[in-house]
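So the structure is just underneath, and the comments pick up after that.
Atoms within a ligand are numbered from 1 in the order they appear, just like the ligands themselves. Numbers here are sequence positions counted from 1.
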Amino acid sequence: MRFEAKVAVVTGGASGMGEATARRLAAEGAKVVVADRNIEAAESVALTIAAAGGIAVSQYTDVADPASVAKMVERAVSEFGRLDLAANVAGVAQAPTSLAETTLELWDRVHAVNDRGLFLCLQSEIPEMLKAGGGAIVNVSSLNGLRSFAQMTAYGSSKFGATSTTGTIAAEFAGRKIRVNGVAPGSIDTPMLATLPRETLDAFSATLPMKRLGTADEIANVIAFLLSDEASYVSGVMLPVDGGWLASS
Ligand SMILES: NC(=O)c1ccc[n+]([C@@H]2O[C@H](COP(=O)([O-])OP(=O)(O)OC[C@H]3O[C@@H](n4cnc5c(N)ncnc54)[C@H](O)[C@@H]3O)[C@@H](O)[C@H]2O)c1
């Protein structure tokens, strides 16, 4: 019960790594706001958490919209009285696209969520954490926020932005009891990858050092560690959780 009496928001909480994180935090005692623009799925996650004995509410949130992000944080405070923890997991992917074929619309859409959306979340979350006397935040970037891949112009730059923001904001708030860290997942078996044919995923998995994709729970485990007091002297890191991919590439 590492998060007993703590209040958490999880963006992207309706699916994949965000869902696994919301469940994990709730299972360890946190009161969780499951924030997602897919409100039906967010509500379903909140209900499942409640059915398992946890405490959670769902909140429609579009992280690209400042007013919506402000309402997410207001909901945490109106429902549970404070905000201690945030897992900023919401993100969108892109199909591999050559430079010539990368439209401005695609670039703007990916950045609106992965980079601008993260900035908006931090700007709303941190003032409430300061009021609560401190807090901990984990941002989900990507291995593509630590190394470059061909044909990922929009996604890669958005995730390098998330990596940079994580370090920058950690440095600003380290002296005010707010830790800010990140995880950089490799290839994780979530609905985000499910658009690819299973044979393609299997063939790709065989090229990875561990010969398999990661799971959403393996990411949630690390997010929970970084949010917990066990990581009390850890701030500003962007931790690859990639089965050894970065080290061997
Ligand atoms: N799956 C992977 O292999 C992988 C690898 C590296 C990084 N990531 C990153 O991990 C994070 C989680 O991805 P996932 O694999 O769990 O994907 P997912 O598609 O299962 O979940 C993403 C969630 O984010 C929500 N979302 C998208 N845009 C939003 C917005 N504007 N406002 C609020 N919610 C929004 C979606 O509705 C969805 O519920 C993302 O940031 C993604 O870029 C994923």
Which atom names give the shortest non-hydrogen contact between L118 and N114, and what distance separates them?
CB-O, 3.7 Å

Looking only at non-hydrogen atoms, the one of Q59, M192, K159 nearest atom 13 (O) of ligand 1 is M192

Considering only NZ, NE, NH1 and NH2 on the basic side and carboxylate oxygens on the acidic side, decide whether D189 and R198 come within less than 4.0 Å.
yes

What atoms in ligand 1 come closer than 4.0 Å to a heavy atom of P191?
20 (O)

Does G186 come within less than 4.0 Å of ligand 1, judged by its heavy atoms?
yes

Nearest non-hydrogen protein atom to atom 32 (N) of ligand 1, with distance, is V63 N, 3.0 Å

Pairs of nitrogen or oxygen atoms closer than 3.5 Å, one from N114 and one from ligand 1: do any exist?
no

Atom 24 (O) of ligand 1: which protein heavy atom is closest, and how many Å away?
G12 CA, 3.5 Å

Identify the protein heavy atom lying closest to atom 18 (P) of ligand 1, giving its residue, its atom name and the separation to 0.1 Å.
S15 OG, 3.6 Å

Can you name the nearest heavy-atom pair linking V63 to C121, along with the distance?
CG1-SG, 3.7 Å

Numbered in order shown, the ligand 1 atoms found under 4.0 Å of a heavy atom of V113 are 28 (N), 31 (N)

With heavy-atom distances below 4.0 Å as the criterion, list the atoms of ligand 1 near L193.
3 (O)

Using a strict cut-off of 4.0 Å, indicate which atoms of ligand 1 neighbour a heavy atom of S187.
3 (O)

Taking only non-hydrogen atoms of T11, do any sit less than 4.0 angstrom from ligand 1?
no

Taking all non-hydrogen atoms of both residues into account, name the closest pair between V110 and V92 and its distance.
CA-CG2, 3.9 Å

Which atoms of ligand 1 have any heavy atom of G16 under 4.0 Å away?
16 (O), 20 (O)

Does any N or O of ligand 1 fall below 3.5 Å from an N or O anywhere on I188, backbone included?
yes

As an exercise, identify every atom of ligand 1 less than 4.0 angstrom from a heavy atom of V140.
9 (C), 10 (O), 11 (C)

Minimum-distance pair of heavy atoms, taken over all atoms of A162 and M238:
O-CE, 4.3 Å

Closest non-hydrogen protein atom to atom 29 (C) of ligand 1, residue and atom name please, with distance?
R37 NE, 3.4 Å

Go through the structure and list residues passing ring-ring contact (aromatic ring centres under 6.0 Å, His included) with W245, not counting sequence neighbours.
F149, F204

Need the ligand 1 atom indices (1-based, order shown) with element for anything under 4.0 Å from a heavy-atom of D62.
30 (C), 31 (N), 32 (N)

Please check this pair: side chain of S44 against backbone of E40, looking for a donor-acceptor N/O pair closer than 3.5 Å.
no

On a heavy-atom basis, which atom in M152 and which in Q94 lie closest, and how many Å separate them?
C-OE1, 3.5 Å

Counting non-hydrogen protein atoms only, what is the nearest one to atom 35 (C) of ligand 1? Give residue, atom name and distance.
A90 CB, 3.7 Å

For atom 33 (C) of ligand 1, what is the nearest protein heavy atom, given as residue, atom name and distance?
T61 O, 3.1 Å

Is the shortest distance from a heavy atom of A41 to ligand 1 less than 4.0 Å?
no

In the protein, which heavy atom is nearest to atom 8 (N) of ligand 1, and how far is it?
Y155 OH, 3.5 Å

Side-chain cluster (under 4.5 Å, hydrophobic types only) that L85 belongs to, other residues:
F3, V10, M17, L25, V32, V34, V45, I49, V89, V138, V140, V183, I188, I219, V222, I223, F225, L226, L227, V234, V237, L239, V241

Find all atoms of ligand 1 within a distance of less than 4.0 Å from any non-hydrogen atom belonging to S141, and give their numbers and elements.
7 (C), 9 (C)

Could you check whether any side-chain N or O of S164 sits under 3.5 Å from a backbone N or O of G161, counting only pairs where one atom can act as donor and the other as acceptor?
no

Below 3.5 Å, N or O to N or O, backbone or side chain included: is there any such pair between V89 and ligand 1?
yes

Is the closest side-chain heavy-atom distance between L130 and I178 below 4.5 Å?
yes

Does A64 reach ligand 1 with a nitrogen or oxygen that is under 3.5 Å from one of the ligand's nitrogen or oxygen atoms?
no

Test your reading of the structure: does S142 have an N or O sitting under 3.5 Å from an N or O of ligand 1?
no

Just by distance, do the side chain of R116 and the backbone of D108 share a donor-acceptor pair under 3.5 Å?
no

So is there a nitrogen or oxygen of N38 less than 3.5 Å from a nitrogen or oxygen in ligand 1?
no

Could you check whether any side-chain N or O of D84 sits under 3.5 Å from a backbone N or O of A8, counting only pairs where one atom can act as donor and the other as acceptor?
no

Among non-hydrogen protein atoms, atom 37 (O) of ligand 1 lies closest to D36 OD1, 2.6 Å

Counting only N and O atoms by type, is there a donor-acceptor contact under 3.5 Å from the side chain of E128 to the main-chain atoms of L83?
no

With heavy atoms under 4.0 Å as the rule, classify the contact between T190 and ligand 1 as side chain, backbone, both or neither.
side chain

Polar side-chain atom of S141 near backbone of K159 as donor-acceptor pair, under 3.5 Å:
yes

State, to 0.1 Å, how close H111 and A154 come at their nearest heavy-atom pair, and which atoms those are.
NE2-O, 3.3 Å

